[in-house]
Structure formats: structure tokens, C-alpha cells
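Everything numeric here is computed off the predicted structure, so don't read it as measured data.
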Amino acid sequence: MKWSYLLLILVFPALIQAQYDFTGTWTGTLTQNTGGYAPEYDFTLYLQQEGNKITGRSYVKYGDIFAEMKLEGQLVGDKAIHWEESKIIDHWKHENMEWCFKQATLFIVSQGKEDKLEGPWSGNTGDSECIPGKIILRRTSPRA
């Protein structure tokens, strides 16, 4: 009996793995496969996590064009999130352009002391599918 109690005490913490906290600012790049407007864009996610729910904003920029969009999503397991953009908050684009409302499932990839958030994205303009690509982001430390 004592051995089973001791075993439970030693093993139980390993069974309860802490959930990753995605809250914060993540910056990096969004790539778009051949045929898109540009091969690479600056991309930032501003995420807030409450339990399994993710809310926030995305910001994409290339040259003088940009869009800031509202997003919502949820945890996928304990080290991934899935999110979808739902509304344009602010933007500037050329007259002949359409914005792509993106969705992605991004995974935490640990490299030493740094965590990256990466994975494929896809999207839709409302009229057609967007040319997909990949997102690679790093958590940005707050600055005073």
C-alpha cells in the first residue's frame, strides 16, 4: 500500500502537464506560396488566452500595405492553437487588392530557451481561396 502511494506521488505530477500560455505578442513572418501578392510579409499576433479560448488581433504588412484583423480560436492539445480572422479592424491596400481572412493551426517549437510558434495557414477573400503559406513567429518580450 505504501509503495502504491509513493508511486502515485512520484508519477502524478508527470501526468498533469502544464498547459502552455500563448498570451503575448508574437512577431515574425508569413510566407505565401508562388502566385501570391508577395512571397513574405511581416506578421504579428497579439494573443490573449483564457482557459482554452484564444482571442486577439493579427497584423500583416508588406511595404505600404497593411491589415489589422480580429481573431478568435482555441487550444489544440496543450502546445498548439487554431485561430481564424473574422473582421478587419484597420487597413490600407491598393485598389485592386482583396484581403485574405486567414486561419491557421500553429504549434510551439522549442529551440533552447526560445519558443517559436509555427505552422501552415490558409484563407479566403470571400470570393476565392487564398494562396496559402507558412507562419513562423517568436514571442516578443515586453519593453518599457
Side-chain angles (χ1 to χ4, degrees), residues 4-5 7-144:
S4 61
Y5 181 70
L7 184 61
L8 181 62
I9 290 173
L10 294 174
V11 172
F12 189 68
L15 296 175
I16 302 176
Q17 188 173 5
Q19 188 179 68
Y20 192 88
D21 184 6
F22 291 89
T23 298
T25 303
W26 297 81
T27 59
T29 59
L30 176 144
T31 63
Q32 191 170 28
N33 297 338
T34 304
Y37 184 78
E40 188 172 287
Y41 304 79
D42 294 330
F43 192 68
T44 303
L45 290 178
Y46 303 94
L47 301 177
Q48 189 70 26
Q49 179 180 336
E50 291 182 24
N52 289 337
K53 184 178 178 183
I54 300 288
T55 57
R57 298 174 288 126
S58 65
Y59 183 82
V60 63
K61 184 177 187 322
Y62 178 79
D64 59 349
I65 65 168
F66 73 92
E68 183 175 7
M69 297 192 186
K70 178 181 176 181
L71 66 81
E72 295 180 355
Q74 67 278 336
L75 293 180
V76 178
D78 60 350
K79 295 231 176 169
I81 57 172
H82 177 80
W83 53 264
E84 297 181 16
E85 296 169 331
S86 59
K87 178 181 175 184
I88 297 174
I89 298 169
D90 192 15
H91 73 100
W92 188 91
K93 66 178 181 63
H94 299 290
E95 190 174 316
N96 61 344
M97 291 179 67
E98 294 181 286
W99 286 115
C100 183
F101 288 86
K102 296 171 288 306
Q103 64 177 349
T105 301
L106 303 179
F107 300 86
I108 289 295
V109 177
S110 297
Q111 291 186 325
K113 293 183 180 182
E114 182 179 61
D115 288 339
K116 292 188 337 184
L117 194 53
E118 62 182 56
W121 71 271
S122 61
N124 193 298
T125 65
D127 292 327
S128 63
E129 295 294 315
C130 302
I131 296 172
K134 187 173 182 179
I135 295 173
I136 301 174
L137 306 171
R138 288 179 173 77
R139 191 186 300 265
T140 304
S141 298
R143 296 182 185 185

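The residues Lys116 and Glu114 are annotated as not salt-bridged, no charged nitrogen and carboxylate oxygen being separated by less than 4.0 angstrom.
Here the side chains of Gln103 and Ser122 are in contact, with some heavy-atom distance below 4.5 Å. Looking only at side-chain heavy atoms (C-beta outward), Leu71 and Leu47 come within less than 4.5 Å of each other. Asp115 is listed as a side-chain neighbour of Tyr20, based on a closest heavy-atom distance under 4.5 Å. A heavy-atom distance below 4.5 Å is not found between the side chains of Thr27 and Leu137. Using a 4.5 Å heavy-atom threshold, the side chains of Asn124 and Phe101 count as separate. Trp83 places a side-chain heavy atom less than 4.5 Å from the side chain of Lys102. With contacts defined as side-chain heavy-atom distances shorter than 4.5 Å, the pair Asp90/Phe66 qualifies. Between Ile54 and Gln74 there is no side-chain heavy-atom pair separated by less than 4.5 Å.
No donor-acceptor pair closer than 3.5 Å links the side chain of Glu68 to the backbone N or O of Ile89. In this structure a side-chain-to-backbone donor-acceptor pair under 3.5 Å is missing from Glu98 to Cys100. With hydrogens and angles ignored, the 3.5 Å screen pairs a side-chain donor or acceptor of His82 with a backbone N or O of Ala104. Checking side-chain atoms of Thr31 against main-chain N and O of Lys134 turns up a donor-acceptor pair under 3.5 Å.
Listed by first and then second residue, the disulfide bond (SG atoms under 2.5 Å apart) pairs involving residues 40-94 amount to none (not counting sequence neighbours).
In this structure Asn96 satisfies the side-chain contact (heavy atoms from CB on, under 4.5 Å) test together with His94, sequence neighbours excluded.
Side-chain N/O atoms of Thr125 and Asp127 include no donor and acceptor closer than 3.5 Å. Using modelled atom types, one finds no donor on one side chain facing an acceptor on the other under 3.5 Å when comparing Tyr37 with Gln32.
The number of heavy-atom neighbours closer than 6.0 Å to OH of Tyr59, taken from other residues, nucleotides and ligands shown, is above 12.
To the nearest 0.5 angstrom, Trp26 atom CH2 is 9.0 Å from Thr140 atom OG1. Rounding to the nearest 0.5 Å gives a distance of 8.5 Å between OG1 of Thr55 and NZ of Lys70.
Scanning all heavy atoms of the two residues, the minimum distance from Ile131 to Gly36 falls at CD1-N, 3.4 Å.
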